[in-house]
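All remarks here apply to the structure that follows.
As a basis for the values below, the full set of heavy atoms in this structure was taken, side chains included, without hydrogen atoms, waters or symmetry mates. Keep in mind it's a predicted model, so treat the numbers as computed, not measured.
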Amino acid sequence: MDRGSGVSVNRVELSLSDLLGKSHTDAVCEACAFVQGVDSRELVALADEKVDFFPQSFQQRMDDLLNHVGEQVCDGLPTSAAGAGSAAFVGATDTRKSPLTGLGFIRIGEDGRAYLAAKSEHYHLSIGHSFPGYRLLQHAEKLGIPNATHNNTRGHATRLVEQELVRVVNGIPKGDRERLSQVISTQEPHVLNRVLNLETGSLVVEAALKMMLARFYRLDAVSDTPVYQGRVPVILVLADHGGGKSANYHGTTTLTQVLRGMWPDLYEKLESSQTMIVEPVQINDIRDFERAVLKYDAGRYKVAGFFHEIVLMNYGAIKLDAEYLRQAHTICRERDIPIMVDEIQSCVWAPDLFLFREYGLQPDLVSIGKGFPG
C-alpha cells in the first residue's frame, strides 16, 4: 500500500490453507463437519479466506493515535484489583499504566491515558497489540483445530513450524524441500535440525544446560555412561564490568540464575564440591576467553559449554563483536565445547530472523522465544 506520506508496506494476505496446506485444512474441515454436524463447505470457505495482516486502515489508525500519546482519552478505571503479588512485585507495580486495551504500539492505561509502547511491550514484534493477522487464530478455533496437544501427538501445524524453523535457521531457500529433508535427516554434528517445543524461554535455556550437563552426569539410572563422567563441568558466561556474573541473563530457573550470580550459597556448595563451576569471561576480550579455556579445559576440568547472548539485553544492551564471537566459537569447536546462543530477545529483529546468522556463527544450540512468536 502507498500512502500520501510516502511510506509503503508490503501487503501480506494469507489464509489458513496458505499457511498449513490445502490438504490439511480440507481434512480438518471434513473432521470438523462430522464433529459439529455442519456443512463442510462453509468450513472450507473459512479455511480459504485470506486475511490482510496489515491493512491500510490499521496503519492509518495507529498513525492517528500517535497524536494522542500522553493525553487523557477516557475516564479509565479508578478502582481495580490489587492482586496478590510479592512485596517486591507490588512495589514495582504501576496500575495506572496497566492496559485497558491496545492497538498496535498504543496502549490505554487504567488511568485513561494513551501510552506509546516504545519497547513494544515484552519484546514482542513492533506491530504490537490487536495484530490483524490473529484473525486466522479465530478461524482455526472455528474449525476446531486444537491448541493443546502433548508433544508426542503434536499437531500438523506445530510440526510444520518445526520444519520452517529448521529451514530458516539454516538459510535454506523457501521451497527447497530436498535440501530441507537432507538437513533434517542428517546425523552430522553441529547441525541445527531439531526443535524442542517448551512453554517458556526459561525452560528452553534450561534444556540446553541439561544437555550440556548430561555429558557429565547420567540423566537417570539406565542412561549410558556420559562421555565426560568424572570431570568437573565448567560453564562459561559473559562477565559484567566488575568481573562478576550479573551481565548474563538466561532465564529464571534455579540453575540458569546460578549462572548470573544468584543463589550464591547454593553456588558455593556446587563449586566447593566440584559439582559445577561457572566462569565469567570478559566482554569482547578473546584473550580472556582463551585464558578461561586453557585453565578449565584440561585435567580434571572440562568446559561443558559456552552460554552467550549476542546483545546483552539486561546489561546495557551491549552488542558483542562479531570477530570476538567467531574466534570464541572456533576455539569451542576445536575443543568439543557446545555453544548455546541465547536469542530469546535478539531474534526476529535481524533480516534473517536469527542474529547469529549475520555474524556467520554456527552454534550447537539456539534458544528463541518472546518476540519470535509475538
Side-chain angles (χ1 to χ4, degrees), residues 12 14-21 23-25 53 122-127 131 133-134 136-137 140 145-212 250-251 305 307-311 313 329 338-374:
V12 177
L14 294 170
S15 68
L16 285 178
S17 296
D18 293 329
L19 288 172
L20 304 179
S23 60
H24 173 67
T25 53
F53 281 20
H122 203 66
Y123 305 102
H124 288 242
L125 293 177
S126 55
I127 289 178
F131 171 51
Y134 283 161
L136 289 179
L137 295 179
I145 298 178
N147 67 349
T149 57
H150 193 272
N151 273 347
N152 66 349
T153 58
R154 63 202 190 285
H156 168 84
T158 299
R159 286 179 275 121
L160 193 63
V161 170
E162 291 172 0
Q163 293 177 194
E164 185 67 3
L165 284 173
V166 171
R167 183 189 71 79
V168 174
V169 83
N170 286 283
I172 300 172
K174 196 171 184 63
D176 191 343
R177 296 183 179 180
E178 182 178 356
R179 176 58 181 153
L180 177 59
S181 178
Q182 290 173 349
V183 169
I184 291 177
S185 62
T186 186
Q187 298 296 315
E188 292 296 316
H190 313 300
V191 178
L192 293 167
N193 65 350
R194 296 291 179 266
V195 178
L196 298 181
N197 301 300
L198 299 168
E199 194 67 26
T200 70
S202 292
L203 294 181
V204 168
V205 181
E206 175 86 355
L209 181 56
K210 288 175 182 176
M211 284 187 271
M212 292 177 181
H250 300 293
F307 273 74
H308 76 82
E309 298 170 279
I310 297 178
V311 180
M313 297 302 297
H329 279 224
I339 305 159
M340 209 294 293
V341 175
D342 188 344
E343 290 235 33
I344 293 291
Q345 299 179 88
S346 58
C347 62
V348 174
W349 308 107
D352 288 336
L353 298 185
F354 293 92
L355 187 56
F356 80 84
R357 288 186 54 79
E358 284 190 29
Y359 277 56
L361 307 176
Q362 191 175 359
D364 300 283
L365 301 147
V366 178
S367 62
I368 60 174
K370 284 193 175 73
F372 210 105

Next on the checklist: Please evaluate residues Ile339 and Leu365 with respect to the criterion side chain to side chain contact (heavy atoms under 4.5 Å, CB included), reporting the C-alpha separation (whole Å), side-chain torsions for both, the decisive distance (0.1 Å), and the verdict.
Outcome noted: CA-CA 6 Å; Ile339 305 159; Leu365 301 147; over 6 Å; no

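- Judged as a side chain to side chain donor-acceptor pair (under 3.5 Å), and not counting sequence neighbours, the contacts of Glu206 are Thr253.
- Residues Phe307 and Met212 come closest through the heavy atom pair CE1-SD, 3.2 Å.
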Checklist entry - Please walk me through it: do Val161 and Asn197 pass side chain to side chain contact (heavy atoms under 4.5 Å, CB included)? => result CA-CA 10 Å; Val161 170; Asn197 301 300; over 6 Å; no

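- Across all their heavy atoms, Leu20 and Ala157 have their closest contact at CD2-CB, 3.7 Å.
- Between the side chains of His250 and His308, no donor-acceptor pair of N or O atoms lies under 3.5 Å.
- Under the ring-ring contact (aromatic ring centres under 6.0 Å, His included) criterion, the residue pairs touching residues 153-195 are His24-His156, with sequence neighbours excluded.
- Summarising the geometry of Phe131 relative to Phe53, their closest heavy-atom pair is CE1-O, 3.2 Å, with the distance given to 0.1 Å.
- In this structure Asp18 satisfies the salt bridge (Lys or Arg N to Asp or Glu O under 4.0 Å) test together with Lys50, sequence neighbours excluded.
- In this structure, the ring of Tyr359 has its center no less than 6.0 angstrom from the ring center of Phe356.
- Among all heavy-atom pairs drawn from Ile344 and Gly201, the shortest one is CD1-CA, 3.7 Å.
- With rounding to the nearest 0.5 angstrom, the CG atom of Leu16 is 8.5 Å from the CG atom of Leu137.
- Nearest approach of Thr25 to Ser17, heavy atoms of both residues: OG1-OG, 2.9 Å.
- Ile310 CD1 to Ser346 OG: the interatomic distance, rounded to the nearest 0.5 Å, is 5.0 Å.
- Applying the salt bridge (Lys or Arg N to Asp or Glu O under 4.0 Å) test to every pair with at least one member in residues 153-162, sequence neighbours left out, gives these pairs: Arg154-Glu162.
- In this structure, NE2 on His329 lies 4.5 Å from CG on Leu361, to the nearest 0.5 angstrom.
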Donor-acceptor pairs under 3.5 Å, side chain of residues 170-183 to any protein atom, not counting sequence neighbours: which ones?
from   : atom 1 : to     : atom 2 : distance (Å)
Asn170 : ND2    : Val166 : O      : 2.8
Asn170 : ND2    : Leu192 : O      : 2.8
Asp176 : OD1    : Arg179 : N      : 3.0

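- Not a single side chain to side chain donor-acceptor pair (under 3.5 Å) links Asp352 to another residue, sequence neighbours left out.
- In this structure, Ile184 and Arg194 approach most closely via the heavy-atom pair O-NH1, 2.8 Å.
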